Number of protein chains: 2
Amino acid sequence: MKEAQNGLTNRQSLILRTVVESYIENGEPVGSKFLCECGRFTCSSATIRNEMAELEALGYLEQPHTSSGRVPTELGYRFYVDSLLESYNSTASDVERIKSALKEKRAELDQILTQASRLASSLTNYTGLAVRPGQGHGAFCRYEAICLSSRSLLLVMINPDGSAKTRNLRTDVDITKEDADTLARTLNSCIVGLSASEVTLPLMMRMEEMCAPASHLVSMAVKCIYETAIEKNDGDVRIDGVNRLLEYPEYSDTESIAGLLGLGDSKNALLDLVKESEELGGEAGDDVKILIGSENRLDALGSSALVFKTVKRGGRVVGAVGVIGPRRMKYQNVISMVDSLANGINELIGDDMLLPTADTERNNGNE
Amino acid sequence: MKEAQNGLTNRQSLILRTVVESYIENGEPVGSKFLCECGRFTCSSATIRNEMAELEALGYLEQPHTSSGRVPTELGYRFYVDSLLESYNSTASDVERIKSALKEKRAELDQILTQASRLASSLTNYTGLAVRPGQGHGAFCRYEAICLSSRSLLLVMINPDGSAKTRNLRTDVDITKEDADTLARTLNSCIVGLSASEVTLPLMMRMEEMCAPASHLVSMAVKCIYETAIEKNDGDVRIDGVNRLLEYPEYSDTESIAGLLGLGDSKNALLDLVKESEELGGEAGDDVKILIGSENRLDALGSSALVFKTVKRGGRVVGAVGVIGPRRMKYQNVISMVDSLANGINELIGDDMLLPTADTERNNGNE
DNA sequence: ATTAGCACTTGGGTAATGCGAGTGCTAAAA
DNA sequence: TTTTAGCACTCGCATTACCCAAGTGCTAAT
C-alpha cells in the first residue's frame with residue numbers, strides 16, 4: 001500500500017483528484033463507472049467503489065443521496081486545492097489582458113478596486129469582489145483651501161498616500177483668497193494628525209481666533225473634515241457580476257442569490273474576513289487565500305468559495321481583490337487570475353513613500 | 001349608463017380600480033366572486049362577470065388562463081395610475097425620514113445619489129435607482145496644482161458646479177511649488193473650456209514653453225484631465241436593493257433577476273430613458289414619471305414598473321432618482337416617496353449659480 | 001487484493017386523476 | 001333593458017402511482 005504523505009494511497013489521491021475535477025467540470029455527482037472508464041485507472045469499477053467508500057469514511061467525499069455518485073466535501077476541495085497551490089501560475093495571455101485593462105485606469109485606489117472587481121468577474125465568469133478596509137484612524141495629513149467664488153471655497157483634504165478628497169463649503173458672508181489661505185494654514189498647524197475626539201473646545205477657539213475675520217469658516221471646515229474622515233474610515237466593498245453566478249445550478253434557488261446580493265450590506269463581516277486572514281500572515285500572508293464553504297463564517301457564502309489576495313502598499317494592506325463562486329470553482333484558473341490581478345494592482349499603485357504632514361512643507365515656500 | 005369621461009361607466013371604473021388594488025395587494029388574480037363580496041358593490045357576481053368581460057374586451061384586464069381571475073394589463077395599470085396621479089401626497093412621517101436621512105449627507109452629488117438610491121429602496125422595499133447623466137461636453141472650469149512632495153503633485157480639477165476631482169501626478173524629476181503654480185496658471189489660461197479635440201499640437205507646445213522648466217508636467221496633466229473628463233461625462237447609474245425584489249413572486253424566476261442585475265451594464269439605455277422622458281417636458285416635465293412594463297424599451301424591465309423623478313439644479317437636469325418594482329407596485333406610496341425624495345435632494349443641492357472660469361478670478365489676488 | 005455479479009435504494013420523470021376556482025352562456029326575473 | 005341564478009365547461013395545480021436509470025454495497029469467486 002503505497003502511502004503518500006497525506007495518509008492517502010496514491011490511488012485514493014488520484015481518485016479524489018479526478019472526482020473533484022470532474023465535478024468541477026460537469027457539476028454532476030461522479031460514479032465509479034465513469035471513473036473506471038475515464039482512462040486514468042487500470043482497475044475495475046468495483047475496486048474504485050471500495051476506495052470511494054473509504055474516501056467517504058475519511059470525510060473527503062459524500063453522496064447527495066444513496067444511489068448517486070460522489071461529490072467532494074469541503075475537506076475534499078481543501079485537499080485538492082492544497083495539493084494544487086504549489087504549482088499554479090498564470091497564463092501569459094491572462095497576465096497581458098489584466099495589465100492592459102488596469103493600465104488604462106491610472107486612477108485612485110477606489111476606482112482601481114472598482115475596476116478590479118469588474119475585471120475579476122469578467123475574466124473568471126464568477127462574481128468579482130474588491131475590498132478596501134478603513135484607512136486606519138488617521139485623518140488627513142494636509143489641507144488646502146481654494147477660493148471658488150466670493151461665497152464658496154473648496155476644501156482639499158489630502159491623505160498620506162497622496163490621494164485627496166474635496167468638499168465644497170458655502171458661506172453667507174463674503175470671503176477672500178486670504179481667508180482661504182489662513183484657513184488652510186490654521187488647519188494644517190492645528191488639527192493635522194488629530195482624531196475627532198482630540199479636537200477640544202479651547203483648540204477650536206484658538207483656531208477661530210487665528211482665522212479672524214473669517215472665523216466662521218473654522219467650524220464648518222472641521223465638521224466637514226471629520227465627516228469625510230469617518231466616511232473614509234468606513235471601508236468599502238465592491239461586488240460585481242452577481243448575475244454571472246445565475247447560470248450555475250447551485251445558485252438557481254432564490255435564497256442563495258439573495259444572500260449574495262445582501263453581501264454588500266454586511267460589508268463589515270467581509271472586511272473582518274480579509275483583515276483576519278491577513279493576520280495569520282507569516283510567509284503565507286502574501287499568498288492567494290482560499291476559503292471554501294463554511295471556512296468563512298458568512299452564512300451567505302456557506303455554499304460558495306472565496307478566492308482572494310490582499311493588495312499592499314508599502315507593506316500595509318490597503319485592499320483585497322478576489323472572486324466568489326460555487327464551491328466547485330475552477331480553482332486553477334481563478335487562483336492564477338487573482339494572483340495576477342493583485343500583483344498588477346500592487347505594481348500599479350507602487351509603494352510610494354508616504355507624504356510628510358503639511359507643517360514642514362509649508363514653512364518653506366508659501367509665506 | 002352613467003359615463004365618466006374615460007369611456008367607462010362608473011361601475012366599470014370602480015371594478016377596474018378594485019381589481020388593480022386587490023392585485024397589487026395580494027398578487028393573485030381576482031375573480032368575480034371576490035369582488036362581489038368585498039363590499040364595494042351591490043350587484044351580483046354575474047353582473048360583475050359581464051362587466052369584467054367588457055373590460056377585458058377594452059384591453060384593461062386579462063386572464064392568465066381561462067378560468068382564473070382577472071389581472072390588470074399595462075393599460076389597466078396606466079388607467080389606475082393616471083386617475084391616481086392628481087391626488088397623491090406624501091405622508092408627513094415619510095417626508096421627515098427622508099429629510100433627516102438626506103441631511104446627514106451634505107456631500108457631493110455623486111454621494112447624494114448613491115444615498116438616495118439606497119434610501120428609495122429601503123423606504124419602498126423595492127429596488128432603488130439613481131441616475132446621473134453625463135455632465136455635458138464641458139470640461140472643467142478651473143485647475144489648481146498642489147505640490148505634495150518633491151516628486152508628486154496633486155491636480156485639482158474644478159467643475160462649474162463647485163465640485164472637484166483630484167488626481168495624483170508623479171514625476172521622475174524634482175518639482176517645486178513654483179512649477180506647480182505655473183502649471184496651474186498655464187492650464188487655466190490655455191485649456192479651460194476646450195474639448196479634447198480642440199487641444200492641438202501647437203497649443204501643447206506653447207503650454208510646454210510657458211511651463212519651462214517643468215514642461216514635462218504639461219502632457220501628463222492634460223492627459224489626466226481628459227481622462228477624468230471622459231469619466232465624468234460618462235454618466236452613472238446606481239441600483240440598490242435588488243434583493244428586495246426576490247420576495248415578490250414575479251421575480252422568482254432567474255431570468256428576471258438576471259435582467260435586473262445586468263441593468264448596471266446597460267446604463268446608457270437607462271440614461272437615455274431619463275433624458276428622453278425629460279424632453280417630453282412641458283409642464284408635466286416636473287412630475288413623477290411612471291413607466292409600466294413595455295412603456296420603456298429596456299426588455300430587462302419588461303415585466304417591471306419604473307417610477308422616477310428628475311433632480312434639477314438651476315433648471316438643468318443633473319440626475320434622477322426612482323424605484324424599480326413589479327408592475328403591481330404600491331404606486332401611491334412609491335409616487336409620493338419618490339416625489340419627496342427628489343424634492344429633498346433638490347432642496348439640498350440648492351440652485352447655486354455656476355462658477356466663472358478661472359481667468360477672471362486669477363487676475364486679482366494670486367500674482 | 002481485485003473483480004464479477006446481483007439485489008437494493010432512490011431521485012426524477014411521466015401519465016392519470018381529482019379538485020377547485022372561475023368563467024361564459026342561457027333563460028328567467030326585475 | 002338590466003340584472004340575476006343556474007349550470008356546464010375549462011384549466012391550472014397538486015397528488016398519486018409508477019417505472020426507469022444510475023449507482024451503490026455486499027458476497028463469492030479469482
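These numbers come from the heavy atoms of this one structure, side chains and all, not from hydrogens, waters or symmetry mates. Reminder, nothing fancy here: chain letters follow the sequence lines and each chain counts from 1. Computed from a prediction, not measured in an experiment: that's the story for all the values here.
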Revision key, fill the gap. Quick note, salt bridge (charged side-chain N to carboxylate O under 4.0 Å, His left out) partners involving residues 25-46 of chain A, not counting sequence neighbours, are A:Glu21-A:Arg40, A:Glu25-A:Lys330
Review point. Would you say the side-chain atoms of A:Thr127 pair up with the backbone N or O of A:Gly325, donor to acceptor, closer than 3.5 Å?
Key: no
Revision key, fill the gap. Separation of C:dT2 atom P from A:Glu54 atom CD, nearest Å, is 12 Å
Exercise for review: Look at all strands and tell whether B:Ser32 reaches a base, only sugar-phosphate, or nothing, counting heavy atoms closer than 4.0 Å.
Suggested key: sugar-phosphate
Practice item. By nearest nucleotide on DNA chain C, pick out whichever of B:Asn50 and A:Cys43 is the more 5' one. Key: A:Cys43
Study note, to complete from the structure: note: B:Met52, atom CE; C:dA21, atom P; distance rounded to Å ~ 16 Å
Check your understanding: Nearest-Å distance, CD1 (A:Ile48) to P (D:dC26)?
Key -> 18 Å
Exercise for review: Please report how far the helix from C:dA1-D:dT30 to C:dA30-D:dT1 bends, comparing the axis fitted to its first five pairs with the axis fitted to its last five, to the nearest 10 degrees.
Suggested key: 20°
Practice item. Would you mind reading off the distance between B:Ile15 atom CD1 and C:dT23 atom P, rounded to a whole angstrom? Key: 11 Å
Review point. Does B:Glu250 CD have over 12 foreign heavy atoms under 6.0 Å away?
Key: yes
Review point. Is a side-chain N or O of A:Ser45 found less than 3.5 angstrom from the main chain of A:Cys36, in a donor-acceptor match?
Key: no
Review point. Rounded to the Å, how far apart are B:Leu35 CG and C:dT23 P?
Key: 9 Å
**Study point:** Closest to the B:Arg49 side chain, choosing from D:dC7, C:dG5, C:dT2
**Key:** D:dC7
Practice item. Look only at the side chain of A:Gln12 and the backbone of A:Leu55, and say whether a donor-acceptor pair between them is shorter than 3.5 Å. Key: no
Review point. To the nearest Å, how far apart are A:Gln12 CD and C:dT2 P?
Key: 11 Å
Enumerate, atom names and distances included, each donor-acceptor pair closer than 3.5 Å involving a side-chain atom of residues 298-305 of chain B, sequence neighbours excluded.
from, atom 1, to, atom 2, distance (Å)
B:Ser304, OG, B:Tyr251, OH, 2.4

Exercise for review: State which residue, out of B:Glu54, B:Glu56, B:Glu51, fulfils the salt bridge (Lys or Arg N to Asp or Glu O under 4.0 Å) condition with B:Arg70.
Suggested key: B:Glu56
Exercise for review: Begin with the C-alpha distance, continue with both residues' side-chain angles, and end with the deciding distance and a verdict on side chain to side chain contact (heavy atoms under 4.5 Å, CB included) for B:Tyr248 and B:Asn125.
Suggested key: CA-CA 10 Å; B:Tyr248 299 97; B:Asn125 205 34; 3.6 Å; yes
Review point. Where along residues 16-31 of chain A does a heavy atom fall under 4.0 Å from DNA chain C?
Key: none
**Study point:** Proximity to DNA chain D (any heavy atom under 4.0 Å), residues of residues 56-73 of chain A only
**Key:** A:Gln63, A:Ser67, A:Ser68, A:Gly69, A:Arg70
Review point. From the list D:dT3, D:dT24, C:dT2, which nucleotide is the closest neighbour of the side chain of A:Arg11?
Key: C:dT2
**Study point:** Residues that A:Tyr77 engages under ring pair (Phe, Tyr, Trp, His ring centres under 6.0 Å), provided they are two or more places apart
**Key:** none
Check your understanding: If you measure only the distance, is there a donor-acceptor pair under 3.5 Å linking the side chains of B:Arg17 and B:Ser83?
Key -> no
Exercise for review: Flag yes if more than 12 heavy atoms outside B:Glu255 fall under 6.0 Å of its CD atom; otherwise flag no.
Suggested key: no
